[in-house]
Each structure stands twice: as structure tokens, then as C-alpha cells.
Amino acid sequence: MNAKCAGERKLVTFRDPVVERVVDKFIERSDLGLEKYGRTLHDERTGGHKDLLGYLTDVQEELMDAILYIQAAREELSKENNPCEDCSCCCAPI
């Protein structure tokens, strides 16, 4: 069976534990998507469930969310590094 077939198990040896943890997260996310939507991303694409514009919209929305998460994290770091009563210094845009 081709290694690219769905459900195929593959033994991989990682040189870098950081890469291994990222791959583990991809697998967990794929499993979650399959559980939530009942199909893989491959099934979604080949089954015509979403067109290119739909994928581009998803990417745009995810990147917009990422920017918000980055800003919230920066504000949290600022608050931790500069604790005070005056919100203007620790919640000001970074």
C-alpha cells in the first residue's frame, strides 16, 4: 500500500524533538477535525465540500485570529513585566 493512502501507518525517527512535537500536534489536529467534521481535509478537498475561495477565507480568518492572540499575549507579557495600578502602562499597545 502506498504510504500516502489514508490510514497508513508510518514509522518516523525524528532528529529534532521540536519537530516531533509539532508533527504530533498536526496529527492531533487532524484527528480532531475528523471527529468534528466526519471527514479529512483530503476528503473535503476531493469531495468538493469547499472551493478555493472557501479555503482562502478560512486562512484569512485563522490569520486574523492569530494576530489577535499575538496581541493578547504581548499585552499579558507587558502586564507581567510591568505590574502596576495604572492600566495605561501595561495595557498600552506594544
Side-chain angles (χ1 to χ4, degrees):
M1 183 149 111
N2 186 326
K4 293 183 181 181
C5 292
E8 176 83 11
R9 295 218 180 257
K10 190 177 193 181
L11 178 62
V12 178
T13 303
F14 291 93
R15 295 183 295 271
D16 186 333
V18 174
V19 173
E20 182 176 9
R21 288 190 295 272
V22 170
V23 170
D24 288 344
K25 288 181 181 284
F26 273 114
I27 292 168
E28 290 170 11
R29 184 137 177 93
S30 177
D31 290 345
L32 180 67
L34 181 59
E35 183 179 313
K36 184 174 180 178
Y37 299 107
R39 59 182 174 254
T40 65
L41 185 59
H42 175 77
D43 294 337
E44 181 179 85
R45 183 183 61 80
T46 59
H49 300 280
K50 190 179 293 184
D51 62 5
L52 181 57
L53 184 58
Y55 286 116
L56 291 172
T57 298
D58 287 351
V59 169
Q60 183 180 36
E61 290 171 355
E62 294 293 339
L63 291 173
M64 291 166 67
D65 288 346
I67 296 296
L68 297 175
Y69 299 147
I70 289 168
Q71 183 62 33
R74 291 175 64 109
E75 290 176 11
E76 188 64 26
L77 281 174
S78 178
K79 185 174 76 173
E80 289 174 8
N81 293 330
N82 301 306
C84 68
E85 298 298 320
D86 180 9
C87 186
S88 64
C89 74
C90 57
C91 297
I94 299 174

Distance check, rounded to the nearest 0.5 Å: Glu76 atom CD versus Asn81 atom CG?
10.0 Å

Going by heavy atoms in the side chains, are Arg21 and Val18 under 4.5 Å from each other?
yes

Before giving the answer on side-chain contact (heavy atoms from CB on, under 4.5 Å), spell out for Gln71 and Ile67 the whole-Å C-alpha distance, their side-chain angles and the decisive distance to 0.1 Å.
CA-CA 6 Å; Gln71 183 62 33; Ile67 296 296; 5.6 Å; no

In one Ile/Leu/Val/Met/Phe/Trp/Tyr side-chain cluster, 4.5 Å: Leu68, Leu63
no

Distance from Asp65 atom CG to Ile70 atom CD1, nearest 0.5 Å?
11.0 Å

Quick one, Leu41 and Tyr55 - any side-chain contact, counting heavy atoms below 4.5 Å?
yes

Can you tell me how far apart CG (Asp58) and CG (Leu53) are? Round to the nearest 0.5 Å.
9.5 Å

Asp31/Leu34 under side-chain contact (heavy atoms from CB on, under 4.5 Å): CA gap, chis, key distance, verdict
CA-CA 5 Å; Asp31 290 345; Leu34 181 59; 5.6 Å; no

For the CG atom of Leu52 and the CZ atom of Arg45, what is their distance to the nearest 0.5 Å?
11.5 Å

For Glu80, does the CD atom sit with more than 12 other heavy atoms under 6.0 Å from it, leaving out its own atoms?
yes

Tested for side-chain contact (heavy atoms from CB on, under 4.5 Å) against Phe14, the lone hit among Val22, Asp24, Val23 is Val23

If the threshold is 4.0 Å, N to carboxylate O, is there a salt bridge linking Lys25 and Glu28?
no

Is it the case that the side chain of Ser78 and the backbone of Arg74 share a donor-acceptor pair, with hydrogens and angles ignored and the cut-off at 3.5 Å?
no

Does Arg39, at its CZ atom, have more than 12 non-hydrogen atoms belonging to other residues, nucleotides or ligands within less than 6.0 Å?
yes

